Number of protein chains: 2
Amino acid sequence: MYQHKLEKDIRCPLEYGLEIFGGKWKSRIICVLAKKDVLRYSELRKEMGNITDAVLASMLKELIQNQMIERHSYDEIPPRVEYSLTPKGQSVVPILQSICKWSGIYYREDSENTMIQCQKCDYKE
Amino acid sequence: MYQHKLEKDIRCPLEYGLEIFGGKWKSRIICVLAKKDVLRYSELRKEMGNITDAVLASMLKELIQNQMIERHSYDEIPPRVEYSLTPKGQSVVPILQSICKWSGIYYREDSENTMIQCQKCDYKE
DNA sequence: CGGGATCCCATAGGATACTG
DNA sequence: CAGTATCCTATGGGATCCCG
């Protein structure tokens, strides 16, 4: 029969890190929160561009599980929920910026190797 | 009808970087090559653990396309092909190590926050 | 030896509708 | 407002066999 390995088999801290902030949306969420400090759900969604609720909510859940962000809900009507980075989440921002800087160098090699400003993580040089 | 966006839409250098060394295998390949300098195809596969040929070959292709690694084939019998990092590939190694270091801190928080040695990228402290 | 071809599956991510 | 629920699909990655 067909046999797949279902273990996550993270064999190296590197894989752990890439699991936590890899993928299409997580690093972006972290960058946006790093820039804005505290954001409500709807503000966050607006900053993210064309992400859907289903996806945004599941990303937030995973980031919370990994203790990268915090959720504060206020008992008001209409409801208010605010998200912010934890210390662990903040500690990864320099890494994301270094990736951003590295990528900026090679982003378009056909042009003149000019640095690109990143709107989200706010890296520029 | 059902309409998916098929554009890759990389909107930020950060995404470019994660595309290049993200995923399950690419960062590992880079780390192994950083440690060993030059490896034949079969040596590389052995170092990688349980990767299959189909996957390894496709990862190598993408890494070559992105100019992270170089392929040198020698006209011998039996054939010999060697892989090594390009300068661009080498330049990303410090980033991978910083991810590895960061991850090591949070890797298992239930234990005593001890650093973990990474066999592949050779990070230790 | 160094892969390619083919087939397959699991999962991340997306569309749409709906709710406390 | 801040999400769930449901359904769907595209893609990364894996298994197996084959070939110059």
Side-chain angles (χ1 to χ4, degrees), chain A residues 1-11 15 18-29 33 38-66 69-84, chain B residues 1-11 15 18-29 33 38-66 69-84:
Chain A
M1 248 298 275
Y2 216 77
Q3 200 65 1
H4 261 275
K5 349 192 81 78
L6 297 184
E7 331 106 41
K8 266 294 181 185
D9 78 325
I10 294 177
R11 291 143 298 180
E15 263 94 21
L18 290 174
E19 275 236 334
I20 285 192
F21 60 81
K24 182 167 179 182
W25 295 110
K26 287 178 187 166
S27 67
R28 179 170 296 272
I29 292 173
L33 282 177
V38 179
L39 284 178
R40 303 180 58 157
Y41 180 87
S42 53
E43 296 169 331
L44 193 44
R45 188 184 46 208
K46 200 194 289 185
E47 290 288 327
M48 296 295 297
N50 52 5
I51 196 172
T52 64
D53 283 321
V55 172
L56 177 54
S58 85
M59 294 299 135
L60 291 174
K61 228 171 226 174
E62 290 182 37
L63 286 167
I64 290 167
Q65 258 185 24
N66 289 320
I69 64 175
E70 284 180 325
R71 195 191 109 114
H72 284 295
S73 77
Y74 300 85
D75 221 354
E76 304 174 356
I77 294 175
R80 180 159 63 104
V81 177
E82 291 182 344
Y83 293 91
S84 58
Chain B
M1 247 301 274
Y2 217 76
Q3 200 65 2
H4 261 275
K5 355 191 76 82
L6 297 183
E7 330 107 41
K8 266 293 180 190
D9 76 327
I10 294 176
R11 292 143 297 181
E15 263 93 22
L18 290 175
E19 275 235 334
I20 286 192
F21 60 81
K24 182 167 180 184
W25 295 110
K26 287 179 189 167
S27 66
R28 178 169 297 272
I29 292 173
L33 282 177
V38 179
L39 285 177
R40 302 180 59 159
Y41 181 86
S42 52
E43 298 170 329
L44 194 45
R45 188 182 47 207
K46 200 194 290 186
E47 291 287 328
M48 296 295 298
N50 51 6
I51 196 173
T52 62
D53 282 322
V55 173
L56 177 55
S58 85
M59 294 300 136
L60 290 174
K61 225 172 225 174
E62 290 181 39
L63 286 168
I64 290 169
Q65 257 183 24
N66 290 319
I69 64 175
E70 283 179 326
R71 195 190 109 114
H72 283 294
S73 77
Y74 300 84
D75 222 352
E76 305 174 356
I77 293 176
R80 181 160 63 105
V81 177
E82 292 182 343
Y83 292 92
S84 57

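Just so you know, these numbers use all the heavy atoms, side chains as well, and skip hydrogens, waters and symmetry mates. Computed from a predicted structure; not experimentally measured.
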Check the distance between [N]'s [atom2] and [X]'s [atom1] and give it to me in whole angstrom.
X	N	atom1	atom2	answer
E15(A)	dG13(D)	CD	P	11 Å
L56(A)	dG13(C)	CG	C1'	13 Å
E62(A)	dG3(D)	CD	P	15 Å
I51(A)	dT4(D)	CD1	P	13 Å
I77(A)	dC1(D)	CD1	C1'	11 Å
E43(B)	dC1(C)	CD	P	11 Å
M59(B)	dG4(C)	CE	P	13 Å
I29(B)	dG12(D)	CD1	C1'	13 Å

Looking at [N], I'd like to know if its phosphate oxygens (OP1 or OP2) sit under 4.0 Å from a side-chain N or O belonging to [X].
X	N	answer
K61(B)	dG3(C)	no
R40(B)	dC1(C)	no
Y83(B)	dG3(C)	yes
T52(A)	dA15(C)	no
K24(B)	dG14(D)	yes
Y41(B)	dG4(C)	no
R45(B)	dG3(C)	no
S42(A)	dC1(D)	no
R71(A)	dA2(D)	no
W25(A)	dG14(C)	yes

Practice task
Tell me what V81(A) touches on the nucleic acid: a base, only sugar-phosphate, or nothing, going by heavy atoms under 4.0 Å.
Solution key: sugar-phosphate
Practice task
Would you mind classifying the nucleic acid contact of A54(B) as base, sugar-phosphate or nothing, using non-hydrogen atoms under 4.0 angstrom?
Solution key: base
Completion exercise
Of the candidates dG3(C), dG14(D), dA2(D), the side chain of V55(B) sits closest to dG14(D)
Which distance, rounded to the nearest 0.5 Å, do you find between the [atom1] of [X] and the [atom2] of [Y]?
X	Y	atom1	atom2	result
W25(A)	T52(A)	CH2	OG1	8.0 Å
I29(A)	K24(A)	CD1	NZ	12.0 Å
S27(B)	I20(B)	OG	CD1	13.0 Å
I51(B)	K46(B)	CD1	NZ	15.5 Å
L33(B)	E43(B)	CG	CD	10.5 Å

Exercise for the section: Could you say whether P79(A) or D53(A) is positioned toward the 5' end of DNA chain C, judged by the nucleotide with the nearest heavy atom to each? Expected result: D53(A)
Exercise for the section: Please figure out whether G22(A) or L60(B) has its closest DNA chain C nucleotide nearer the 5' end. Expected result: L60(B)
Problem - Stepwise side chain to side chain contact (heavy atoms under 4.5 Å, CB included) test for Y41(B) and L56(B) - result: CA-CA 9 Å; Y41(B) 181 86; L56(B) 177 55; 3.9 Å; yes
